[in-house]
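Right, one structure below, let's go through it.
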Amino acid sequence: MAYGGYDWNRRLGDYISSVADALNSQNGGQLSTLISVSRGSYCNVVAAGLDQNKGQDVNRLSRQLEKVAPLGEMLGQHMRCMQYFVNRRFVDSYNALEKSANAFLQEFRNWESAWAMKALHTVAYELRTIAEMADKEMASNGKIPDKLKGAGSFLMKVFGALAGKGPKRVGALYVTCQLFKIYFKLGTVHLCRSVIRSIETARVFDFEEFPIRDRVTYMYYTGRLEVFNDQFVLADQKLMYALVHCDPLKKNNIRMVLKYLIPVKLSLGVMPSKLLLERYGLLEYKEVIQALRTGDIRLLRQALQTNEDQFLRSGVYLVLEKLELQCYRRLMRKIHIIQKQKDPGRAHQVKMDCVLKALKWLNIEMDIDEVECIMAILIYRNYIKGYFSHKSKVVVLSKQDPFPALTAMT
Amino acid sequence: MAGVGDEYDSRRNFYPDPGNAWDGQPYDPVSQQQPNWYSYYPPQQLDDRGQAGQEGIAVPPLPAMPPPQAPLPPGLTTTPTWSVSDQGVANGGNNTTYTGHSSYSHLPQQGQEYTGYGTSEIQQAVNYAHPQTANGSQPYAQGYAGYNYMPDQNAYNHQGYNNNCFQKHGTESYTQNVGAPYAPPNQYQLTDATLYASTSNYYDLNGYQSAGSRGEGGQGQASWSDPKQGQYSYTSYAVQNVDTNAAYGTAKLNPEDNVQFAPDYSQQWADYYASLNAVPQTDTESTVALQAASSAPAAPTPAPSYASVVAAPAAQQPPPPGTAAHHYSWQAAAASYAVSQSSQDSTIAEASGAGTPWNANANLTSQTHWNPSSNQTSQSDHFNQSQFPPLDKHPRTPVNQHHQQSQVTHNLQQQQQSKSPKLHIVTNPRITATIGSLGSGKETHKPAYISVPAKKSSSSVSTDAVADATLQAESFPSSLRTYVERALSRCKDESQKATCQEIMKDMITRASKDGTLFTRDWDTEPLFQLPAPSSSSVKKETVQHNNSTKSEWSPARRLKTRWEPPATVNSDDKPGRVHGFHNSFREGGHDLSKEDSTQSHSKWEKREDLWIKSTIAGNEHLKNMSKRGLKRLRKGILSQGGENGSSDSEEEHAHGVHLGSLSTADTPEEKERRQNRFKRFDRGKDSGRGGKGSGRGERGPAAGSASARRATALQLALNSGDGQNGRAVEDIDWDSLTIRGTCQEVEKRYLRLTSAPDPNTVRPEDVLKRALEMVKSTTKSYLFRCEQFKSIRQDLTVQRIRNEFTVQVYETHARMALEAGDLPEYNQCQTQLKSLYGDGIKGCSNEFAAYSLLYILFNRGNSRDLLSAMAKLTEEGRKDEVVKHALEVRHAVAIGNYTTFFRLYRTAPVLSPCLMDSHAEKMRFEAVKFMTRSYRPTIPVASVARVLGFIIEPNSEGENEELEECEEWLRAHGAYLQFDSTISELVMEAKKLLIL
């Protein structure tokens with residue numbers, strides 16, 4: 001036991017020395033690895049060491065901690081955070097981490113260069129990750145989880161330390177992305193706006209200079225925000241950026257982007273290939289796309305109903321729902337084509353009876369007023385070129401390009 | 001992994017956390033203690049301690065005493081204003097004393113006082129009343145009573161004032177009473193003039209019950225705890241008024257009105273009296289008390305004799321001369337208040353009409369009314385001093401008498417000076433007759449009499465007295481003073497007290513002999529064995545003491561924050577403040593100050609003494625009152641239910657005195673005061689713990705401690721901001737902080753709380769149920785109902801009632817708000833309902849889920865909110881008709897399908913149409929935009945009207961009208977309409993709308 005205790009003490013000493021080395025050599029990568037909690041190998045070593053130490057050799061430890069001079073306090077807290085983490089006391093772990101991060105951030109501010117950027121990013125990542133775990137723990141204990149929120153406000157501080165001019169700015173986007181993750185998780189997406197403004201309005205730093213990883217993540221989240229705002233064109237741009245720049249090997253990331261990009265593209269009139277859906281496992285859109293292709297309103301409604309939960313959660317339900325108008329358009333187009341085949345001379349006049357019949361065939365109960373209304377909307381939105389005659393209950397289609405391409409409309 | 005955790009935990013038991021070595025913070029004992037610290041002294045106390053820490057300050061350092069006590073701006077020194085305001089201080093102190101006596105510093109307690117008056121209070125009054133005194137002043141008693149009975153619009157005014165208090169300050173309004181002494185002059189003016197106006201607009205004369213709802217708490221308590229509730233009903237109702245009210249009433253009575261209303265009043269009084277009779281054996285006593293009370297104010301008229309008599313009883317009272325007299329006069333004051341109150345109430349009950357501005361006479365009455373009390377204050381002060389016999393070089397009794405004399409004389413002078421020719425109105429025969437009949441015989445012939453020393457004592461004498469007091473008090477550590485206080489407050493009666501004093505005398509002598517007087521920690525010194533009372537009762541007392549200290553600070557503090565510049569007591573603004581106190585207590589007094597130009601500078605000095613004394617005295621009052629409170633508590637447990645709750649509030653009043661007098665203390669002593677405050681803190685921390693432990697069984701202490709604990713919790717919550725005490729906040733036992741309301745009033749005005757709620761103003765659930773029924777059935781305006789709902793909601797919230805009734809309240813309010821189109825209010829309810837349903841409490845959750853959907857859809861336009869609202873719908877919920885409808889509406893809006901929308905609008909269930917209303921107009925406009933863009937060449941207006949929901953039922957009688965309405969609407973929105981002769985119908989041309 002005595003020997004074992006000594007052994008663990010030695011290991012702790014080694015760990016602290018490594019941190020000191022990383023600090024002295026300004027090796028951000030090494031420091032980052034050393035202080036990683038949730039995905040680092042040192043975490044278990046430190047935790048076990050502290051568990052074994054049992055506070056017996058406190059003086060020795062604190063003496064050792066002096067080696068890492070300005071970060072002694074930070075490392076002390078950080079080691080405790082690791083210990084708590086390994087022991088699955090996430091709330092305590094988070095609390096310790098926040099103190100550690102605070103100390104670290106203060107030192108980081110003082111450093112001229114951005115050598116420790118990687119370590120700071122690790123801290124930001126751990127803050128978010130452990131805060132999520134802490135929130136789960138708190139929720140299961142019947143307390144109101146607030147750690148993730150706390151992490152959010154702390155990361156805003158970190159962002160503030162990075163967002164200015166200078167070499168540190170390059171790390172700001174990473175923190176922004178961590179903030180996005182927190183805000184999306186907490187459902188406080190309105191808080192994203194200030195961060196976005198800071199990133200996008202600052203002309204001192206070209207967006208392309210940020211690391212590609214962060215840019216993709218950033219574009220993914222801002223694209224999602226545009227979906228919420230019904231800004232499909234902007235959403236399309238951002239999500240496409242994310243898709244194009246995303247590492248092609250990161251299939252899951254691509255899938256996440258596509259999950260939002262497909263509905264956006266659909267509402268812009270672009271259909272994905274079946275292959276794409278199959279490759280990225282997005283089959284929930286299959287029926288929707290089928291319905292759009294055939295003008296089968298019933299199928300569209302069914303597809304929406306079947307996957308309602310999923311669509312609601314991901315937030316694309318309302319986007320998909322609006323595809324119904326496209327579906328009506330497709331139906332009209334089909335009727336038009338059929339009429340053209342029968343009687344090309346009068347094909348541009350689509351009688352309401354026809355439409356009603358088609359809808360009835362689809363088991364959709366609608367009366368003439370409603371169909372009139374739909375026609376008015378379609379014409380108003382330029383889905384159909386033409387006009388509606390109330391008197392004769394006929395949609396008179398334009399003779400030239402009665403169904404303009406949706407992609408051209410916007 | 002869990003195993004690891006367990007192992008770790010077990011290890012933790014053995015070893016201190018290693019982290020401690022590195023970072024003391026999370027385990028910092030200080031930071032952990034902090035909650036405790038605050039838990040016994042809510043934040044407000046910090047402020048009020050200053051005023052409350054009177055033990056130390058009560059007696060200012062001798063050398064500095066005269067000048068700093070009254071640093072007057074030169075201009076004010078000689079003005080009558082000052083002298084009157086000076087008196088105001090005394091009055092202020094008295095007032096609080098009185099209120100303390102009456103149980104709480106705010107109106108509700110009035111009720112208790114009232115009942116108490118019929119029971120033990122009276123008993124006490126009788127006990128203390130000197131027979132001689134009781135006999136002497138019969139005519140005056142009547143006169144005074146009659147005077148008080150005179151109803152006046154002004155009286156109502158003050159009701160109005162109270163309303164305003166309540167309206168503006170909510171639960172804190174009792175603050176107004178307690179804290180009144182600190183209020184700057186303009187406070188009352190404000191409330192009176194401006195606020196009242198608005199209130200009276202809102203509530204008509206008959207509506208003042210709700211206005212007086214502050215009082216309802218107390219009234220409720222009284223009737224509640226009293227088995228004879230029915231009989232008391234009227235009484236308690238009448239008692240709603242605030243004590244200040246009563247004071248005001250007294251001050252502003254108008255003789256003419258009196259004549260006019262006397263008969264009415266007598267009827268009321270008879271009612272009241274009848275109710276008193278219901279309590280066996282109390283009527284006689286009460287009448288006596290009444291007389292005693294009335295004798296006090298009446299005294300000035302027969303000044304000489306009156307003066308001569310007082311000295312006698314004071315001196316004759318055997319053991320502590322001061323106390324007896326004190327009690328007596330106090331009692332009298334209280335009783336007279338009761339009288340004035342009841343009169344006031346009856347006045348209001350009669351909704352007395354024409355208001356005449358009160359006159360000097362009235363003012364005088366109020367003053368005289370109070371003066372005996374101020375005597376008492378000073379006496380008690382002396383009594384306090386007499387507790388330190390060893391160092392008392394002066395014979396005790398003489399000092400007391402000196403003191404008393406000087407003060408009384410002083411008062412007398414004032415009275416004489418301010419005596420107005422109208423004073424004889426007091427003996428208005430009609431009223432006298434009324435009273436006589438009311439007094440029903442024998443008791444009436446036992447006139448109360450307050451004697452006042454006839455000879456004028458010189459101001460130097462009184463200064464001496466003060467000096468003595470100063471000397472004495474100074475020579476003891478304040479902890480000793482509190483110790484003595486503690487010890488004495490255990491005493492049940494005079495003999496016991498005397499014994500106690502003897503014991504303590506020995507103790508102190510011994511202590512001073514062996515030099516431990518200043519070194520000993522008196523705060524922790526155990527109390528000696530008391531012959532009769534058990535140790536538990538002592539404990540109870542301490543608890544109570546602390547509780548009351550806590551709970552009553554907030555008002556004063558709030559007062560300050562609301563009305564005054566930051567709490568620092570500037571010597572410069574002291575006159576103003578003093579004036580304010582006076583003013584706040586009795587406007588009449590203020591008026592008097594203007595009229596009474598005869599007062600001279602020399603008197604001022606005397607008054608200053610008086611003032612000092614009263615300052616000193618507050619301390620003693622506190623003690624006396626806590627003792628009395630304890631007594632009453634014990635009694636209450638035994639028999640009188642009505643007594644029960646009053647004890648702690650009485651204490652609060654005791655503290656009110658404290659505050660009142662202390663706030664007048666001088667700036668030079670600020671430092672000392674702070675020290676004392678600190679000391680008290682330490683002490684309070686210890687005893688406060690006891691308070692926390694006290695059960696809810698005894699309502700008095702529990703109520704106090706509950707609010708204190710709540711304050712603690714709030715403080716903790718505040719502290720949690722820095723993250724250090726985060727855990728402590730989580731660990732707060734909110735259940736133990738929950739209060740139980742005692743207010744029985746069905747109606748209550750809403751006021752946003754700014755401090756811990758006061759149980760006396762919070763209605764319990766059963767009352768709230770009645771309140772809900774009332775609001776449901778009332779035909780009053782939405783504003784009224786909304787306010788009532790808000791107050792119900794507040795009461796539910798502060799009592800943490802979350803059950804189906806809560807849901808019912810919120811649902812009802814939400815529906816009502818929807819009907820009235822009050823969407824913000826609706827949204828508040830909706831938010832609460834969401835959380836209530838989330839807790840699994842049953843209600844119309846589906847209906848409100850539907851409303852919520854529609855609300856988000858139409859009012860927020862945030863697709864994310866809408867999505868989450870939809871995601872929350874349960875499978876079962878989706879089948880609900882209202883939800884289904886809401887979802888369909890949502891779909892129609894998403895697509896822009898106006899036809900469907902207006903169909904759904906027409907068929908909307910329950911209150912959905914209320915929510916759709918806001919969007920209908922928008923939808924119509926969109927629709928017309930669509931139509932004019934799509935239709936060619938024209939659309940018949942009839943068709944538009946049908947589709948856009950103008951025509952509710954085709955081919956019905958009203959169709960033409962509806963068509964016209966549609967036509968009008970279309971024209972108003974820029975449509976081109978023309979008559980199509982081919983179909984002989986009005987059509988809308990498919991042109992771009994004029995306004996686009």
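In what follows, every chain begins at residue 1, and chains take the letters A, B, ... in the order their sequences are listed.
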Walk me through whether B:Arg802 and B:Ser835 qualify under side-chain hydrogen bond (donor to acceptor under 3.5 Å, both in side chains).
CA-CA 10 Å; B:Arg802 287 172 75 85; B:Ser835 113; 2.7 Å; yes

Okay, A:Glu372 and chain B: the region with an atom under 4.5 Å from a heavy atom over there is both

If one checks every heavy atom of A:Val189 against chain B at 4.5 Å, the contacting part turns out to be side chain

Cut-off 4.5 Å, heavy atoms of chain A, and the answer for B:Ser868 is neither

In terms of heavy-atom pairs under 4.5 Å with chain A, the winner among B:Met931, B:Arg946, B:Arg890 is B:Arg890

- When you check the gap from the basic side-chain N to the acidic O, do A:Asp367 and B:Arg903 get nearer than 4.0 Å? yes

Among A:Asn229, A:Leu378, A:Ile384, A:Leu318, the residue with the most heavy-atom pairs under 4.5 Å to chain B is A:Leu318

request  = Would you please say whether a donor-acceptor pair under 3.5 Å links the side chains of B:Arg933 and A:Tyr380?
outcome  = no

- Query: Between B:Lys879 and B:Asn846, does any side-chain donor sit less than 3.5 Å from a side-chain acceptor?
  - Reply: no

salt_bridge(A:Glu324, A:Arg301) N-O dist < 4.0 Å: yes

Per-residue tally against chain B (heavy atom, under 4.5 Å) across A:Asp230, A:Val227, A:Leu312 peaks at A:Leu312

Whatever's closer than 4.5 Å to a heavy atom in chain B on A:Ile374 counts as side chain

Chain B shares the most heavy-atom pairs under 4.5 Å, among A:Glu308, A:Met366, A:Met375, with A:Glu308

CG of A:Leu320 to CG of A:Leu304, rounded to nearest 0.5 Å, is 5.5 Å

